[in-house]
*Asks:* 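The structure under discussion is supplied below as C-alpha coordinates; questions concerning it will follow.
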Amino acid sequence: SQQGEEDPQALSIQEGENATMNCSYKTSINNLQWYRQNSGRGLVHLILIRSNEREKHSGRLRVTLDTSKKSSSLLITASRAADTASYFCATDAWSQGAQKLVFGQGTRLTINP
Amino acid sequence: GAGVSQTPSNKVTEKGKYVELRCDPISGHTALYWYRQSLGQGPEFLIYFQGTGAADDSGLPNDRFFAVRPEGSVSTLKIQRTERGDSAVYLCASSPLAGDTDTQYFGPGTRLTVL
(Lines give C-alpha, C1' and ligand atoms only; values in the text may rest on other atoms or scores of the structure.)
Protein backbone atom coordinates (compact mmCIF):
# COMPACT_ATOMS: atom_id res chain seq x y z
CA SER A 1 0.00 0.00 0.00
CA GLN A 2 1.16 3.55 -0.64
CA GLN A 3 2.33 5.54 2.33
CA GLY A 4 1.37 8.95 1.15
CA GLU A 5 0.42 11.21 -1.63
CA GLU A 6 2.25 13.65 -3.82
CA ASP A 7 0.66 16.87 -4.88
CA PRO A 8 0.19 17.84 -7.61
CA GLN A 9 -0.04 14.62 -9.62
CA ALA A 10 1.19 16.53 -12.67
CA LEU A 11 2.97 19.85 -13.08
CA SER A 12 3.92 21.67 -16.27
CA ILE A 13 6.06 24.81 -16.16
CA GLN A 14 8.35 26.87 -18.37
CA GLU A 15 12.08 26.36 -18.34
CA GLY A 16 13.71 28.63 -15.81
CA GLU A 17 10.75 28.67 -13.43
CA ASN A 18 10.78 27.00 -10.04
CA ALA A 19 8.91 23.74 -9.46
CA THR A 20 7.45 22.77 -6.11
CA MET A 21 6.13 19.32 -5.29
CA ASN A 22 4.56 18.26 -2.03
CA CYS A 23 4.38 14.94 -0.26
CA SER A 24 2.22 13.88 2.65
CA TYR A 25 2.65 10.69 4.63
CA LYS A 26 0.79 8.86 7.35
CA THR A 27 3.09 7.27 9.90
CA SER A 28 6.11 8.34 11.93
CA ILE A 29 9.38 8.26 10.04
CA ASN A 30 13.12 8.25 10.61
CA ASN A 31 13.85 9.83 7.28
CA LEU A 32 12.25 10.82 4.00
CA GLN A 33 13.85 10.57 0.58
CA TRP A 34 13.11 11.99 -2.83
CA TYR A 35 13.76 10.05 -6.05
CA ARG A 36 13.54 10.93 -9.73
CA GLN A 37 12.40 8.52 -12.42
CA ASN A 38 12.80 9.04 -16.13
CA SER A 39 10.53 7.26 -18.59
CA GLY A 40 9.09 4.88 -16.00
CA ARG A 41 12.33 3.02 -15.40
CA GLY A 42 15.14 3.19 -12.82
CA LEU A 43 14.93 5.57 -9.89
CA VAL A 44 17.70 7.99 -9.06
CA HIS A 45 18.19 9.06 -5.45
CA LEU A 46 18.10 12.83 -5.06
CA ILE A 47 18.18 13.70 -1.39
CA LEU A 48 17.51 12.32 2.08
CA ILE A 49 16.23 14.37 4.98
CA ARG A 50 16.12 13.04 8.53
CA SER A 51 13.20 13.45 10.85
CA ASN A 52 15.17 15.89 13.04
CA GLU A 53 15.99 18.13 10.08
CA ARG A 54 13.71 20.82 8.73
CA GLU A 55 15.45 21.80 5.53
CA LYS A 56 18.17 20.47 3.28
CA HIS A 57 19.81 21.72 0.10
CA SER A 58 21.59 19.98 -2.75
CA GLY A 59 22.47 22.07 -5.77
CA ARG A 60 19.20 23.37 -7.24
CA LEU A 61 17.15 21.18 -4.92
CA ARG A 62 15.67 22.24 -1.63
CA VAL A 63 13.73 19.86 0.57
CA THR A 64 11.71 20.76 3.62
CA LEU A 65 10.19 18.47 6.20
CA ASP A 66 7.41 19.22 8.68
CA THR A 67 6.94 16.20 10.90
CA SER A 68 4.07 17.82 12.79
CA LYS A 69 2.10 18.00 9.55
CA LYS A 70 3.62 14.81 8.15
CA SER A 71 4.56 16.59 4.96
CA SER A 72 7.57 17.39 2.83
CA SER A 73 8.21 19.57 -0.18
CA LEU A 74 10.75 19.43 -2.97
CA LEU A 75 11.71 22.66 -4.70
CA ILE A 76 13.66 22.65 -7.94
CA THR A 77 14.95 26.10 -8.78
CA ALA A 78 15.75 27.42 -12.24
CA SER A 79 14.25 24.36 -13.91
CA ARG A 80 15.74 22.84 -17.04
CA ALA A 81 14.26 20.64 -19.75
CA ALA A 82 16.36 17.77 -18.38
CA ASP A 83 14.40 17.98 -15.10
CA THR A 84 11.38 16.53 -16.89
CA ALA A 85 10.65 13.32 -15.00
CA SER A 86 8.47 11.81 -12.30
CA TYR A 87 9.41 12.61 -8.73
CA PHE A 88 8.63 10.36 -5.79
CA CYS A 89 8.92 10.79 -2.08
CA ALA A 90 9.69 7.69 -0.05
CA THR A 91 9.50 7.15 3.66
CA ASP A 92 11.27 4.47 5.62
CA ALA A 93 9.46 1.52 7.08
CA TRP A 94 11.67 -0.64 9.23
CA SER A 95 11.16 -4.37 9.26
CA GLN A 96 13.48 -7.25 10.07
CA GLY A 97 16.42 -4.90 10.36
CA ALA A 98 16.00 -3.37 6.94
CA GLN A 99 14.78 -0.06 5.70
CA LYS A 100 12.22 -0.81 3.03
CA LEU A 101 10.95 2.25 1.22
CA VAL A 102 7.31 3.21 0.99
CA PHE A 103 6.67 5.42 -2.01
CA GLY A 104 3.98 7.90 -2.88
CA GLN A 105 2.29 7.97 -6.27
CA GLY A 106 4.62 10.60 -7.67
CA THR A 107 4.43 13.95 -9.40
CA ARG A 108 4.96 14.03 -13.13
CA LEU A 109 6.94 17.18 -13.92
CA THR A 110 7.18 18.58 -17.45
CA ILE A 111 9.53 21.45 -18.22
CA ASN A 112 8.63 23.25 -21.42
CA PRO A 113 11.51 24.82 -23.37
CA GLY B 1 31.84 0.76 -10.96
CA ALA B 2 28.81 -0.84 -12.52
CA GLY B 3 25.39 -0.13 -11.14
CA VAL B 4 22.52 -2.50 -10.52
CA SER B 5 21.61 -4.41 -13.66
CA GLN B 6 18.41 -6.27 -14.45
CA THR B 7 17.60 -8.72 -17.19
CA PRO B 8 15.65 -8.90 -19.34
CA SER B 9 14.72 -5.26 -19.80
CA ASN B 10 11.41 -6.33 -21.28
CA LYS B 11 9.52 -9.59 -21.01
CA VAL B 12 6.28 -10.44 -22.76
CA THR B 13 4.58 -13.67 -21.76
CA GLU B 14 1.24 -15.34 -21.96
CA LYS B 15 -1.16 -15.81 -19.09
CA GLY B 16 -0.35 -18.93 -17.14
CA LYS B 17 3.34 -19.04 -18.04
CA TYR B 18 6.32 -19.02 -15.68
CA VAL B 19 8.84 -16.16 -15.73
CA GLU B 20 12.15 -15.41 -14.08
CA LEU B 21 13.54 -11.93 -13.62
CA ARG B 22 17.19 -11.43 -12.72
CA CYS B 23 18.92 -8.78 -10.68
CA ASP B 24 22.68 -8.21 -10.41
CA PRO B 25 23.33 -5.88 -7.48
CA ILE B 26 26.31 -3.62 -7.06
CA SER B 27 29.29 -5.73 -6.05
CA GLY B 28 29.66 -5.99 -2.30
CA HIS B 29 26.17 -4.78 -1.48
CA THR B 30 24.67 -6.92 1.23
CA ALA B 31 21.06 -5.79 1.07
CA LEU B 32 18.88 -6.43 -1.98
CA TYR B 33 15.29 -5.32 -2.50
CA TRP B 34 12.60 -6.07 -5.06
CA TYR B 35 9.82 -3.59 -5.79
CA ARG B 36 6.93 -3.65 -8.25
CA GLN B 37 5.62 -0.56 -9.99
CA SER B 38 2.29 -0.54 -11.74
CA LEU B 39 1.46 2.07 -14.34
CA GLY B 40 0.96 5.49 -12.81
CA GLN B 41 1.87 4.33 -9.31
CA GLY B 42 4.91 4.48 -7.10
CA PRO B 43 7.01 1.36 -6.49
CA GLU B 44 5.72 -1.09 -3.90
CA PHE B 45 7.96 -3.26 -1.77
CA LEU B 46 7.98 -6.99 -2.47
CA ILE B 47 10.90 -8.65 -0.68
CA TYR B 48 14.21 -7.89 0.98
CA PHE B 49 17.34 -10.02 1.25
CA GLN B 50 20.12 -9.60 3.77
CA GLY B 51 22.84 -11.79 2.32
CA THR B 52 21.34 -15.06 1.14
CA GLY B 53 18.24 -15.09 3.28
CA ALA B 54 14.92 -13.41 2.65
CA ALA B 55 14.61 -11.29 5.78
CA ASP B 56 11.25 -9.81 4.84
CA ASP B 57 8.93 -11.17 2.15
CA SER B 58 5.80 -9.48 3.45
CA GLY B 59 5.25 -7.61 0.19
CA LEU B 60 4.92 -10.65 -2.04
CA PRO B 61 1.30 -10.59 -3.20
CA ASN B 62 0.69 -14.34 -3.10
CA ASP B 63 2.39 -17.72 -3.30
CA ARG B 64 2.88 -17.48 -7.06
CA PHE B 65 5.75 -15.11 -6.33
CA PHE B 66 9.07 -16.37 -5.04
CA ALA B 67 12.58 -14.96 -4.96
CA VAL B 68 16.00 -16.43 -4.26
CA ARG B 69 19.52 -15.16 -3.72
CA PRO B 70 21.51 -18.39 -3.28
CA GLU B 71 25.01 -16.95 -3.12
CA GLY B 72 24.24 -13.58 -1.62
CA SER B 73 24.75 -11.71 -4.87
CA VAL B 74 22.50 -12.26 -7.89
CA SER B 75 18.79 -12.58 -7.15
CA THR B 76 16.01 -14.09 -9.22
CA LEU B 77 12.34 -13.21 -8.86
CA LYS B 78 10.14 -16.05 -10.02
CA ILE B 79 6.48 -15.76 -10.93
CA GLN B 80 4.41 -18.86 -11.56
CA ARG B 81 1.13 -19.05 -13.48
CA THR B 82 1.35 -15.41 -14.49
CA GLU B 83 -1.80 -13.32 -14.60
CA ARG B 84 -2.55 -10.14 -16.51
CA GLY B 85 -2.52 -8.25 -13.22
CA ASP B 86 1.15 -9.13 -12.80
CA SER B 87 2.02 -6.75 -15.64
CA ALA B 88 4.25 -4.05 -14.17
CA VAL B 89 7.83 -2.85 -13.98
CA TYR B 90 9.82 -4.91 -11.51
CA LEU B 91 12.61 -2.92 -9.89
CA CYS B 92 15.58 -4.21 -7.98
CA ALA B 93 17.68 -2.13 -5.59
CA SER B 94 20.75 -2.81 -3.50
CA SER B 95 22.51 -1.07 -0.66
CA PRO B 96 25.78 -1.71 1.17
CA LEU B 97 24.18 -2.53 4.49
CA ALA B 98 20.68 -2.32 5.86
CA GLY B 99 21.44 0.88 7.66
CA ASP B 100 19.36 3.97 8.13
CA THR B 101 21.60 6.12 5.98
CA ASP B 102 22.15 3.67 3.19
CA THR B 103 20.82 4.87 -0.10
CA GLN B 104 19.16 2.20 -2.19
CA TYR B 105 20.54 2.08 -5.72
CA PHE B 106 17.94 1.04 -8.25
CA GLY B 107 18.35 -0.90 -11.45
CA PRO B 108 16.57 0.06 -14.70
CA GLY B 109 13.80 -2.45 -14.09
CA THR B 110 12.20 -5.24 -16.06
CA ARG B 111 8.94 -4.39 -17.78
CA LEU B 112 6.74 -7.48 -17.62
CA THR B 113 3.71 -7.72 -19.87
CA VAL B 114 1.32 -10.62 -19.45
CA LEU B 115 -1.00 -11.08 -22.40
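Numbers restart at 1 for each chain; the letters A, B, ... are given by sequence-line order, proteins then strands. The basis for the numbers below is simple: all heavy atoms, side chains too, and nothing from hydrogens, waters or symmetry mates.
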*Asks:* Give me the atom names and distance for the closest heavy-atom approach of B:Phe106 to A:Leu43.
*Replies:* CB-O, 3.5 Å
*Asks:* Are A:Leu109 and A:Val63 co-members of a hydrophobic cluster defined by side-chain heavy atoms under 4.5 Å apart?
*Replies:* yes
*Asks:* Taking atom types as modelled and ignoring hydrogens, do the side chains of A:Gln37 and B:Gln37 form a donor-acceptor contact shorter than 3.5 angstrom?
*Replies:* yes
*Asks:* Between B:Val89 and B:Leu46, is there shared hydrophobic-cluster membership here, with clusters defined by ILVMFWY side-chain heavy atoms closer than 4.5 Å?
*Replies:* no
*Asks:* Going only through I, L, V, M, F, W and Y residues with side-chain contacts under 4.5 Å, is there a path from A:Ile49 to A:Ile47?
*Replies:* yes
*Asks:* I'd like to know if B:Phe49 and B:Tyr90 are part of one continuous hydrophobic network [Ile/Leu/Val/Met/Phe/Trp/Tyr, side-chain heavy atoms within less than 4.5 Å].
*Replies:* yes
*Asks:* According to a 4.5 Å side-chain heavy-atom criterion applied to Ile, Leu, Val, Met, Phe, Trp and Tyr, with indirect links allowed, do B:Ile26 and B:Trp34 form part of one hydrophobic cluster?
*Replies:* no
*Asks:* Taking CZ in A:Arg80 as the centre, count heavy atoms belonging to other residues, nucleotides or ligands within less than 6.0 Å. Is the count above 12?
*Replies:* no
*Asks:* Given a strict heavy-atom distance threshold of 4.5 Å, which part of B:Tyr105 is in contact with chain A: side chain, backbone, both, or neither?
*Replies:* neither
*Asks:* Tell me, for B:Ser9 versus chain A, whether the close heavy atoms (under 4.5 Å) come from the side chain, the backbone, both or neither.
*Replies:* both
*Asks:* To the nearest 0.5 Å, what is the distance between CD on A:Gln105 and OG on B:Ser38?
*Replies:* 11.0 Å
*Asks:* What's the spacing between B:Leu91 CG and A:Leu101 CG if we round to 0.5 Å?
*Replies:* 11.5 Å
*Asks:* Measure centre to centre between the rings of B:Phe45 and A:Phe103, then say whether the value is under 6.0 Å.
*Replies:* no
